[in-house]
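Notes for the one structure printed next.
Whatever order the structure lists them in is the order used to number ligands and atoms, beginning at 1. Computed from a predicted structure; not experimentally measured.
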Amino acid sequence: ALPVIYAVTPTYTRAVQKAELTRLANTFRQVPRFHWIVVEDSSAHTELVSRFLARAGVQSTHLHVFTPRRFKRNGMPRATEQRNAALGWLRGHRSLNDAGVVFFADDDNTYSLELFEERRVVRPSPITRSTVFTPQAVRMRSTRRVSVWPVGLVGGRRYERPIVENGKVVGWYTGWRADRPFAIDMAGFAVNLKVILDNPRALFKRRGAKPGMQESDFLKQITKVEDLEPKAHNCTQVLVWHTRTEKVNLGNEPKRHLDSVFIEV
Ligand code: UDP
Ligand code: MN
């Protein structure tokens, strides 16, 4: 069987939340062997997200953990506790017998279905007279340890990407903090479940965390740059975009004369 792709999505209550989750579900629903770990930044499961997941048509696990208010300041990394809750769930509910690949899918990004497909070489088989598919290991599902790929619309550039020479990552094409040990966005890597289970103490860090260093702080606990597995044709294709949703204008919401029905948006 194909390894299961576990997508970890931190999410929080705001006007655009259901729209964001709908966009993600419409993509993830089409991916076989997919498990969505949705972690709410809240002190309890919300009704909106519970109802949404029940009808989303995606296999999912619904978790929640509230970010302490002192960590909700500008310039502080977001969703540290939520990603760690998902890692804790995987360590508690999955074992080395389960083949899987874990990646971190923020709720406002845009994901191409190609990110989850293995590109296959199609050849006719003279024996079975059917078509033979050979996986080429160019997508995240074939991640053995830790894999990487480009991310679009991030770091003040059209894209950032790992620079690959002879099949190895040798540096980073980036315009922002090029001194980062892993100059890569959260959306640009995947980790085999085995690596998550074999490194039970690997977590996202709050202590001493600097903006933009979450990825590096996490990745250096589980891998080295020279061991990274480049995907997306040696990191030459953008299959995920770090889109950000405009803050909605609710300036004309009524203070009196509310609508006669309650409508979830
Ligand atoms: N997030 C969260 N709680 C917050 C702020 C953000 O759970 O208080 C989630 C958000 O839903 C997203 C992820 O953390 O899945 C990253 O946040 P955001 O997209 O705002 O970060 P940026 O794109 O600016 O890096
Ligand atoms: Mn974002």
Side-chain angles (χ1 to χ4, degrees), residues 5-28 34-50 52-53 56 58 60-89 102-112 115 149-160 174-177 180 182-190 203-206 209-219 238-248 265:
I5 292 176
Y6 294 92
V8 173
T9 299
T11 187
Y12 68 110
T13 301
R14 75 268 199 213
V16 299
Q17 183 179 34
K18 194 175 176 186
E20 306 280 34
L21 294 175
T22 297
R23 198 180 63 251
L24 261 55
N26 287 350
T27 304
F28 295 164
F34 192 93
H35 188 127
W36 196 9
I37 305 179
V38 176
V39 193
E40 283 195 77
D41 182 350
S42 60
S43 50
H45 287 175
T46 64
E47 295 223 1
L48 185 147
V49 174
S50 303
F52 177 83
L53 289 177
V58 184
S60 62
T61 293
H62 185 184
L63 307 174
H64 68 88
V65 54
F66 190 63
T67 307
R69 268 197 44 197
R70 65 183 182 284
F71 295 145
K72 286 237 179 192
R73 287 198 297 265
N74 265 348
M76 285 199 155
R78 304 194 175 107
T80 304
E81 290 73 22
Q82 288 72 27
R83 294 190 190 99
N84 286 340
L87 294 173
W89 184 87
V102 181
F103 90 110
F104 297 94
D106 287 357
D107 65 0
D108 55 342
N109 293 340
T110 306
Y111 304 90
S112 167
L115 190 60
W149 54 81
V151 176
L153 314 181
V154 74
R157 288 200 177 176
R158 294 170 61 238
Y159 60 88
E160 288 182 342
T174 180
W176 185 70
R177 293 205 56 172
R180 291 173 289 164
F182 297 80
I184 194 169
D185 184 75
M186 202 60 80
F189 66 89
L203 286 171
F204 291 92
K205 286 194 253 181
R206 274 290 174 203
K210 286 180 241 74
M213 294 303 277
Q214 287 244 102
E215 295 86 352
S216 289
D217 284 341
F218 180 68
L219 287 168
V238 170
L239 301 175
V240 56
W241 296 263
H242 184 255
T243 43
R244 300 182 80 191
T245 302
E246 188 184 6
K247 198 165 160 37
V248 200
V265 177

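At most 12 heavy atoms of other shown residues, nucleotides or ligands fall within 6.0 angstrom of atom CZ in R158.
Residue contacts with ligand 1: A79 is placed with no nitrogen or oxygen under 3.5 Å of a nitrogen or oxygen of the ligand (distance criterion only). Taking any N or O of H242, backbone or side chain, at least one lies under 3.5 Å from an N or O belonging to ligand 1. Any N or O atom pair closer than 3.5 Å counts here, and D108 shares at least one such pair with ligand 1. Backbone and side-chain nitrogen or oxygen atoms of T9 are examined, and none is located within less than 3.5 angstrom of a nitrogen or oxygen of ligand 1.
There is a side-chain donor-acceptor pair under 3.5 Å between T245 and E20. Between E40 and H45, the side chains place no donor N or O within less than 3.5 Å of an acceptor N or O (distance only, hydrogens not considered).
The Mn ion (ligand 2) lies under 2.8 Å from an N, O or S atom belonging to D108.
Without hydrogens or angle criteria, S216 side chain to F182 main chain gives a donor-acceptor distance under 3.5 Å. Here the side chain of S43 pairs no donor or acceptor atom with the backbone of F66 at under 3.5 angstrom.
In this structure, D107 counts as a contact residue of ligand 1, since one of its heavy atoms falls inside 4.0 Å of the ligand.
Between F104 and F204, the two ring planes are perpendicular [angle over 60°; tilted spans 30° to 60°].
Scanning all protein heavy atoms for the shortest distance to atom 7 (O) of ligand 1 gives D41 CB, 3.5 Å. Protein heavy atom in closest approach to atom 1 (N) of ligand 1: Y12 CD2, 3.4 Å. Of the protein's heavy atoms, K72 NZ, 3.0 Å lies nearest to atom 8 (O) of ligand 1. In this structure, the protein non-hydrogen atom closest to atom 17 (O) of ligand 1 is R78 CD, 3.7 Å. From the protein, the heavy atom lying nearest to atom 15 (O) of ligand 1 is P10 O, 2.6 Å.
For an aromatic pair to be called close, the ring centres must be under 6.0 Å apart, and H35 with W89 satisfies this.
Ionic pairing of D41 and K72 is present here: one or more N-O contacts between side-chain nitrogen and carboxylate oxygen are shorter than 4.0 angstrom.
When non-hydrogen atoms are compared, ligand 1 lies under 4.0 Å from the backbone of D106 as well as from its side chain. In M186, neither the side chain nor the backbone holds a heavy atom less than 4.0 Å from any atom of ligand 1.
Close approach of ligand 1 to T11 (heavy-atom distance below 4.0 Å) involves ligand atoms 7 (O), 11 (O).
What you find for D107 and R23 is that their closest heavy atoms are O-NH2, 3.7 Å.
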